[in-house]
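For reference, the structure is listed below as structure tokens.
In the text below, chain A, chain B and the rest are named by the order of the sequence lines, each starting its count at 1. Only heavy atoms go into these numbers, but all of them, side chains included; no hydrogens, no water, no symmetry mates.
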Number of protein chains: 2
Amino acid sequence: MTVADEATDAGQPRRRSPSMADVAREAGVSGQTVSRVSTGRPNVDEDTRNRVLAAMRKLGYRPNSAARALRSGHFRNLGVIMFTLSSFGNMRTLDSIAVAAAAAGYSITLIPVQHPTQGEVTVAFSRLSEQAVDGVMIIIEAHALDEADIELPPGLPVVVVDSSARYQYPVVDTDQAEGARLATEHLLDLGHDTVWHISGPVHSYSAERRRESWAETLTTHGRPVPDVIVGDWSSEAGYRAGLELAARPEVTAIFAANDQMALGVLRALHERGRAVPADVSVVGFDDMDESKSFWPPLTTVHQSFEEVGRHTVSQLIEEIEGAPPSSVSVLVPTELVVRASSGPAPRHPTADA
Amino acid sequence: MTVADEATDAGQPRRRSPSMADVAREAGVSGQTVSRVSTGRPNVDEDTRNRVLAAMRKLGYRPNSAARALRSGHFRNLGVIMFTLSSFGNMRTLDSIAVAAAAAGYSITLIPVQHPTQGEVTVAFSRLSEQAVDGVMIIIEAHALDEADIELPPGLPVVVVDSSARYQYPVVDTDQAEGARLATEHLLDLGHDTVWHISGPVHSYSAERRRESWAETLTTHGRPVPDVIVGDWSSEAGYRAGLELAARPEVTAIFAANDQMALGVLRALHERGRAVPADVSVVGFDDMDESKSFWPPLTTVHQSFEEVGRHTVSQLIEEIEGAPPSSVSVLVPTELVVRASSGPAPRHPTADA
DNA sequence: TCGGGCTATGTTCACGTAAACATCAGTCTG
DNA sequence: CAGACTGATGTTTACGTGAACATAGCCCGA
């Protein structure tokens with residue numbers, strides 16, 4: 001009844017999927033003409049093209065991508081090496097990468113690395129060697145890998161996302177420093193004497209840059225730089241840090257290096273009965289969807305993962321399709337989103353009245 | 001200085017990456033022997049194997065996956081068609097799929113579909129046709145697609161995740177009904193007269209099953225079934241629903257269909273001054289990492305995305321590697337995680353004293 | 001009217017791999 | 001000690017495609 005049935009009524013059950021030759025026979029043309037139609041090349045008569053298309057539909061022809069790749073030397077496929085897919089930012093970035101790649105006619109192959117140890121990374125890269133990719137994006141935050149000899153197959157275009165600029169490859173990243181400065185200055189503008197910081201893990205380059213920029217901003221404004229509390233991006237770590245800070249009455253402003261830790265801080269402050277923002281102001285970083293529904297809604301630094309993904313893909317494809325390997329790095333701007341978790345500094349701590 | 005340099009000192013700059021033939025020449029064996037070493041086949045002398053391996057290293061040989069796929073007919077690559085990558089559950093599932101696939105020696109190709117409209121889906125599937133995949137996983141929640149003629153290339157193994165069982169393919173899913181029952185009964189056990197429900201969007205099959213199971217549980221226990229408030233999984237929707245419910249004093253127990261909506265509910269209850277859990281108990285679904293840091297920490301239904309991903313991959317690979325296409329569906333159990341957002345029903349609403 | 005150039009189409013071939021088959025030297029068994 | 005078997009290796013070939021080249025019909029201007 002279906003078209004497929006008609007195709008198989010020839011007798012012998014055809015197991016293999018139809019090839020160009022089958023279509024050519026069906027349409028009464030040469031294989032080359034089928035190829036031309038299939039790849040959308042010009043110089044094919046309108047009639048012939050239609051006849052070929054009809055034959056393709058009838059036989060259910062679909063081009064064999066392996067043969068095509070073997071012949072043409074490229075796969076229209078991009079690899080993504082990523083650590084901890086389960087992080088909010090990485091996922092959003094991956095999403096926009098996938099969409100941008102699809103729009104450009106490329107597909108995405110995921111190469112997960114569970115632990116950013118040298119061994120695992122090497123394995124991932126060697127697996128990559130057998131992968132059918134035209135280029136690779138590396139989403140990596142551990143700068144422990146800087147010193148490691150990340151040895152990618154020579155000639156394979158690479159773009160690094162959100163990481164150290166110390167690589168030999170082009171880098172696309174959010175402007176971490178700007179974001180941290182915006183957050184810190186926002187709190188200073190509200191009259192707080194200084195700002196406490198809960199940072200991401202030590203091995204994270206993003207965390208490092210947010211921390212440095214926070215400290216620098218305080219120094220620029222002539223404020224004391226409190227000791228950093230080091231977290232690991234998780235809300236649990238934020239909670240622990242929050243408990244610590246809640247116990248100290250001089251703390252009136254906290255800048256958490258991401259929203260999840262900010263969430264933990266909020267919980268700790270609630271538990272200890274310190275009002276937000278009346279007693280303590282909290283600012284996060286990321287602007288994840290949920291932040292606006294935190295209690296109270298979180299003031300945070302919005303970063304556009306979409307734009308990072310878009311830039312990454314376009315940069316990579318540009319390089320793949322012949323542009324000279326530009327070492328230009330893209331820095332995506334951030335934006336402060338003020339909500340209810342930050343407010344004027346309380347009167348008392350100034351304590352000079 | 002490096003090995004690569006030695007390989008190119010022959011004179012002519014070799015642009016193409018080395019093939020089996022190059023390795024064979026270097027090692028003084030036939031191409032077939034190189035192939036045997038490369039694919040780990042037996043019947044190769046230890047000496048010969050080492051010689052070939054050395055030649056491979058020296059030349060920097062890496063097998064051409066396109067040629068390999070063309071010859072062998074399979075790609076060791078699985079496609080994942082997914083809608084809204086940006087959803088918490090989908091991402092976690094994808095993560096575990098990627099890890100499980102990597103462990104089995106398969107890679108993952110992402111085929112994103114931005115909007116689950118028929119048109120977009122058709123496009124995704126036709127793009128898939130040109131994709132080099134041995135099988136496909138579909139992570140889909142819109143059962144609007146049930147009626148649509150999802151026409152996948154015939155003979156391509158498929159496993160559907162987290163969706164309607166009305167498909168002709170094997171399905172792996174969380175036991176949504178059990179989870180909703182656990183949540184509802186937990187609240188009833190705490191003495192609440194009934195449980196209000198904020199569901200996911202109407203087109204979502206998961207949402208539908210949670211809603212049905214919630215209603216059924218209430219009925220089984222002889223409780224009235226309140227009107228459902230329909231959300232869209234977002235914390236914003238939860239907030240709006242929460243405002244609505246906070247205004248009604250008879251509401252003492254709320255079961256939100258996911259944690260994000262539960263977060264919005266908590267915010268609304270805080271804003272309206274209804275204490276959690278003293279006045280109102282809230283239970284979510286998903287057990288995302290942040291739930292434990294909500295204020296108060298959220299009682300929720302834990303679902304194991306990891307296990308869903310693992311089962312999906314193993315089921316698919318089984319089918320690819322020759323097992324008869326089993327229509328067996330896997331149902332992954334859930335678990336109630338009791339935290340601080342649920343507690344005994346307040347005295348007054350019983351109002352019969 | 002003729003040839004140059006253009007368009008539509010066909011023919012040949014190579015891409016790199018692995019399956020199928022062929023060969024050859026040992027090794028074991030009766 | 002012959003014949004059968006085993007293990008190591010080589011030879012041939014086809015997988016499906018698209019580039020390069022070849023051919024043939026046609027239009028146009030001199």
Has the side chain of [X] got a donor or acceptor atom that lies under 3.5 Å from a matching backbone atom of [Y]?
X: B:Thr48; Y: B:Val44; result: no
X: B:Thr93; Y: B:Gly309; result: no
X: B:Asn50; Y: B:Asp47; result: no
X: A:Ser329; Y: A:Pro170; result: no
X: B:Thr33; Y: B:Val29; result: no
X: B:Asn77; Y: B:Ala132; result: yes

Could you tell me how far apart [X] ([atom1]) and [N] ([atom2]) are, to the nearest whole angstrom?
X: B:Met56; N: C:dG16; atom1: CE; atom2: P; result: 15 Å
X: A:Arg68; N: D:dG16; atom1: CZ; atom2: C1'; result: 10 Å
X: A:Met20; N: C:dC13; atom1: CE; atom2: C1'; result: 13 Å
X: B:Arg41; N: C:dT17; atom1: CZ; atom2: C1'; result: 11 Å
X: B:Asn64; N: C:dA14; atom1: CG; atom2: P; result: 18 Å
X: B:Leu70; N: D:dC15; atom1: CG; atom2: P; result: 9 Å

Have a look at the helix from C:dT1-D:dA30 to C:dG30-D:dC1 and give the angle its two end axes make, five pairs each, rounded to 10 degrees.
->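 Nearest ten degrees gives 30° for this helix.
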Answer with base, sugar-phosphate or nothing: what part of the nucleic acid does A:Ser38 contact at a heavy-atom distance below 4.0 Å?
->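 No contact at all - A:Ser38 keeps every heavy atom at 4.0 Å or more from the nucleic acid.
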Could you pick out which residue, A:Thr39 or B:Ala67, lies toward the 5' side of DNA chain D when each is mapped onto its nearest nucleotide?
->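 In this pair, the answer is B:Ala67.
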Hey, what are the protein-to-nucleotides 7-11 of chain D N/O distances that come in under 3.5 Å?
unit_1, atom_1, unit_2, atom_2, d
D:dA8, OP2, B:Asn43, OD1, 3.1
D:dT9, OP1, B:Thr48, OG1, 2.5
D:dT9, OP2, B:Asp45, N, 2.7
D:dT9, OP2, B:Thr48, OG1, 3.2
D:dG10, OP2, B:Ser30, N, 2.7
D:dG10, OP2, B:Ser30, OG, 3.0
D:dG10, OP2, B:Thr33, OG1, 2.8
D:dG10, N7, B:Arg36, NH2, 3.0

With sequence neighbours excluded, what pairs up with B:Glu307 under the salt bridge (Lys or Arg N to Asp or Glu O under 4.0 Å) test?
->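 With neighbours one apart ignored, the set is empty.
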Is there a donor in the side chain of A:Ser65 and an acceptor in the side chain of A:Arg76, or the other way round, less than 3.5 Å apart?
->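 On atom types as modelled, these side chains do not qualify, holding no pair under 3.5 Å.
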Residue from B:Ile81, B:Ile97, B:Val160, B:Val308 passing side-chain contact (heavy atoms from CB on, under 4.5 Å) with B:Ile139 =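 Looking at B:Ile81, B:Ile97, B:Val160, B:Val308, the match for B:Ile139 under the side-chain contact (heavy atoms from CB on, under 4.5 Å) is B:Ile97.
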